[in-house]
There are 2 protein chains.
Amino acid sequence: MASPSSPRRRAASRAPKSASLATIAATAGVSIATVSRIVNGLPRHASAETEARVRQVIEALGYRPNQIGRALQQGKSRLVAMLTAELANPVMATIASVTEAALRDAGYVMILCDTHDRPDLQDEYLHAMRALVVEGYVLATNVRSPGLEEFVTRGERMVFACRPNPYAAEGTAGAFLGIDNAQAGRDAADYLLDRDCTRFAVLSQANGSPASIARALGCCERLRERGVPKGRIRDIRAPGHSHLAVGYAAARALAGRRPWRGGIVCASDQIAFGTYRFACEHGLDLTTANPLISIDGADLSAWLAPWLTSLHVPYEEFGTHIVEMLQTLWKGQPAADHIVPYSLRAAGAFPVDDLC
Amino acid sequence: MASPSSPRRRAASRAPKSASLATIAATAGVSIATVSRIVNGLPRHASAETEARVRQVIEALGYRPNQIGRALQQGKSRLVAMLTAELANPVMATIASVTEAALRDAGYVMILCDTHDRPDLQDEYLHAMRALVVEGYVLATNVRSPGLEEFVTRGERMVFACRPNPYAAEGTAGAFLGIDNAQAGRDAADYLLDRDCTRFAVLSQANGSPASIARALGCCERLRERGVPKGRIRDIRAPGHSHLAVGYAAARALAGRRPWRGGIVCASDQIAFGTYRFACEHGLDLTTANPLISIDGADLSAWLAPWLTSLHVPYEEFGTHIVEMLQTLWKGQPAADHIVPYSLRAAGAFPVDDLC
DNA sequence: CTGAAAGCGCTTACAG
DNA sequence: CTGAAAGCGCTTACAG
């Protein structure tokens with residue numbers, strides 16, 4: 001190791017200094033304004049010779065505009081904050097990934113903040129992002145927090161993915177992007193009914209997000225509607241932070257009494273995975289005798305869980321939608337809710353080629 | 001929708017304006033410098049009464065320091081860039097997640113950039129991050145690019161997770177964080193040998209990353225070393241961008257001749273997942289007759305792939321290590337490589353409680 | 001076509 | 001204890 005006082009230490013202790021507009025201007029013998037105009041490709045910026053000279057200097061010194069200086073001047077940062085509930089969840093990772101790509105294409109840089117569904121972290125990040133003067137917020141979290149309420153009432157430009165805005169004012173454009181969760185629950189019920197199930201288990205998270213509650217409720221509602229007696233519906237709401245753990249616990253509850261026989265609806269892929277693990281360990285039957293359907297249908301599931309039938313939410317398209325919604329906000333218009341369709345992805349039926 | 005010229009439009013078209021240091025100073029009747037000192041908790045910043053008055057104004061106006069102004073002044077942004085090869089890969093998502101948490105604890109904000117393993121995107125991001133004056137770079141990509149070479153030679157502060165620095169100078173501290181990949185391959189070989197396998201398949205990606213090549217090579221090397229004849233080793237390098245597709249293709253090649261009988265080493269979890277999907281569809285036997293071991297052992301695998309035995313890389317600890325390495329760099333010292341140990345995670349043996 | 005100057009929000013010596 | 005002033009890197013009217 002270099003000693004603390006060695007010259008080497010000094011040299012390496014900060015990032016290599018890069019040239020500024022002023023440096024370029026000085027060595028090219030023009031004004032800062034001129035260089036700025038050239039860099040930004042403004043209309044009648046400079047004579048051909050001046051431009052050539054300046055460009056040469058820029059090239060030679062490897063100049064790149066400092067975004068911080070620009071951001072301070074313009075009052076906008078080209079930064080968008082994305083707050084995710086839990087990046088470890090593949091669904092969240094997918095949303096983050098596609099949003100990042102769409103924002104990049106639109107010329108923005110995404111900052112990803114993992115709130116771990118903790119209100120304190122959520123507020124910490126919200127404030128840190130405001131301090132960075134981000135131009136918009138994408139929320140994929142379901143937690144209430146004072147900071148979020150404050151931001152909503154202050155009119156910050158936010159889009160809500162998957163989970164609706166918990167502080168949305170009545171009759172306001174919610175800027176919500178997602179599926180009709182209640183309807184998805186109903187469709188899951190129909191799927192099992194059409195396969196002649198007579199007993200039903202609905203697995204969801206206790207005190208879950210509004211979205212996941214809506215799925216479970218919609219499902220139970222539909223079952224009753226189609227004449228299933230209450231006694232034939234097991235509405236299991238298992239505790240746990242991770243949906244994996246929820247699914248495991250729910251499956252345990254399900255298998256607890258006598259061997260289960262009937263259809264199973266999991267409010268999310270992750271819950272289905274937890275169920276699956278329990279099934280592997282303790283022999284809960286997940287074959288055609290007990291058809292299982294989940295809601296999410298993430299791409300990874302098509303690989304890792306060929307046994308899984310699910311209502312596939314088109315997360316791969318969320319990035320584009322999110323950017324469109326942000327652009328609406330940036331135009332000063334309220335962003336309407338955006339309800340996307342889902343589709344049935346049958347077990348094992350998804351073609352490999354589409355996944356590569 | 002509000003008409004384009006409605007007053008509403010104007011009102012919403014930019015973020016709500018927030019108070020500046022100057023505003024606070026003016027309404028509190030003190031100088032900007034005084035407010036700054038109070039906000040930053042500097043030693044003898046102000047008299048008790050002044051401070052009280054200023055704090056009151058800050059509270060009333062909801063003032064938060066603008067990080068951009070501060071960054072410009074101090075020449076540091078408290079931002080760290082993380083470049084990931086592919087966020088859709090759960091291993092990458094895990095690394096991103098833990099790094100984000102560790103950086104936050106250290107007072108930094110992480111910007112996540114998904115390069116999709118494309119050199120052009122990698123360079124685009126590298127330059128965008130430099131423009132943001134980030135204080136460090138975390139690379140979890142394996143792509144060579146002109147920009148990366150430029151950054152390395154310029155001495156930017158970077159750490160390399162999982163994939164070594166492709167432009168590291170001889171005998172230089174590489175700032176690499178990861179496992180001994182060749183040794184992991186060797187250990188995987190030993191695992192199968194100890195289970196009395198006599199035939200072996202080694203599944204990896206054609207033209208893969210140095211890390212994954214090292215795993216496959218180490219494995220083959222060890223097999224030969226322990227006397228396995230070349231004809232009993234099938235070294236399958238399948239093409240494909242995603243490791244899932246690679247695993248699928250490799251399994252197809254493996255099953256192509258006669259029914260496979262022997263041990264299987266997958267260079268990564270994802271390759272094992274692809275193999276698994278092929279096995280489910282086409283009946284490749286993955287039970288004890290054909291023991292399979294992969295390298296990675298991501299937490300998600302413990303849930304979704306209870307059938308999988310793997311050498312578990314402690315990705316959950318990567319965040320802490322990455323921050324330590326960055327802090328070494330920030331002190332002006334070179335960051336040594338950091339080789340972490342891995343451990344065997346046997347199929348189905350991982351306790352559920354540890355995963356919640 | 002080109003430049004001098006103001007100002008974005010902040011920190012930090014330097015005076016008093 | 002407190003303030004006036006310079007300056008971080010940039011853009012943008014405003015002159016010429």
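Below, chain A is the first sequence line, B the second, and so on; all start at residue 1.
- Distance A/Glu51 CD to C/dC1 P: 11 Å, rounded to the nearest Å.
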Give every donor-acceptor pair under 3.5 Å between a side-chain atom in residues 24-31 of chain A and any protein atom, sequence neighbours left out.
| residue | atom | partner | partner atom | Å |
| --- | --- | --- | --- | --- |
| A/Thr27 | OG1 | A/Ile24 | O | 3.4 |
| A/Ser31 | OG | A/Ala33 | N | 3.4 |
| A/Ser31 | OG | A/Thr34 | N | 3.2 |
| A/Ser31 | OG | A/Thr34 | OG1 | 3.1 |

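- Pairs of residues two or more places apart, or lying in two chains, that qualify as salt bridge (Lys or Arg N to Asp or Glu O under 4.0 Å) and include a residue from residues 107-131 of chain A are A/Arg118-A/Asp120.
- Taking side-chain N and O atoms only, B/Thr34 has a distance below 4.0 Å to OP1 or OP2 of D/dG3.
- For B/Phe318, the ring-ring contact (aromatic ring centres under 6.0 Å, His included) partners at least two apart in sequence or on another chain are B/Tyr315.
- For B/Thr50, the side chain to side chain donor-acceptor pair (under 3.5 Å) partners at least two apart in sequence or on another chain are B/Ser47.
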Without placing hydrogens or testing angles, list every side-chain donor-acceptor pair under 3.5 Å for residues 103-111 of chain B, not counting sequence neighbours.
| residue | atom | partner | partner atom | Å |
| --- | --- | --- | --- | --- |
| B/Arg104 | NE | A/Tyr125 | OH | 3.2 |
| B/Tyr108 | OH | B/Arg78 | NH2 | 2.8 |

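- Every residue was checked against the side chain to side chain donor-acceptor pair (under 3.5 Å) condition with A/Thr94, not counting sequence neighbours, and none meets it.
- Pairs of Watson-Crick or G-U wobble type, with distances under 3.5 Å, assemble into runs of 3 or more in DNA chain C at these ranges: C:1-3 with D:14-16, C:5-12 with D:5-12, C:14-16 with D:1-3.
- In this model, the phosphate group of D/dT2 is approached by a side-chain N or O of B/Ser47 to a distance below 4.0 Å at OP1 or OP2.
- Salt-bridge check for A/Glu59 with A/Arg55: failed, with every basic side-chain N at 4.0 Å or more from each acidic carboxylate O.
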Could you write nucleotides 8-16 of chain C as a row of B, S and -, 5' to 3', where a protein heavy atom under 4.0 Å of any base atom gives B, of only sugar-phosphate atoms gives S, and otherwise -? BBBBBB---

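- Applying the ring pair (Phe, Tyr, Trp, His ring centres under 6.0 Å) test to every pair with at least one member in residues 20-39 of chain B, sequence neighbours left out, gives no pairs at all.
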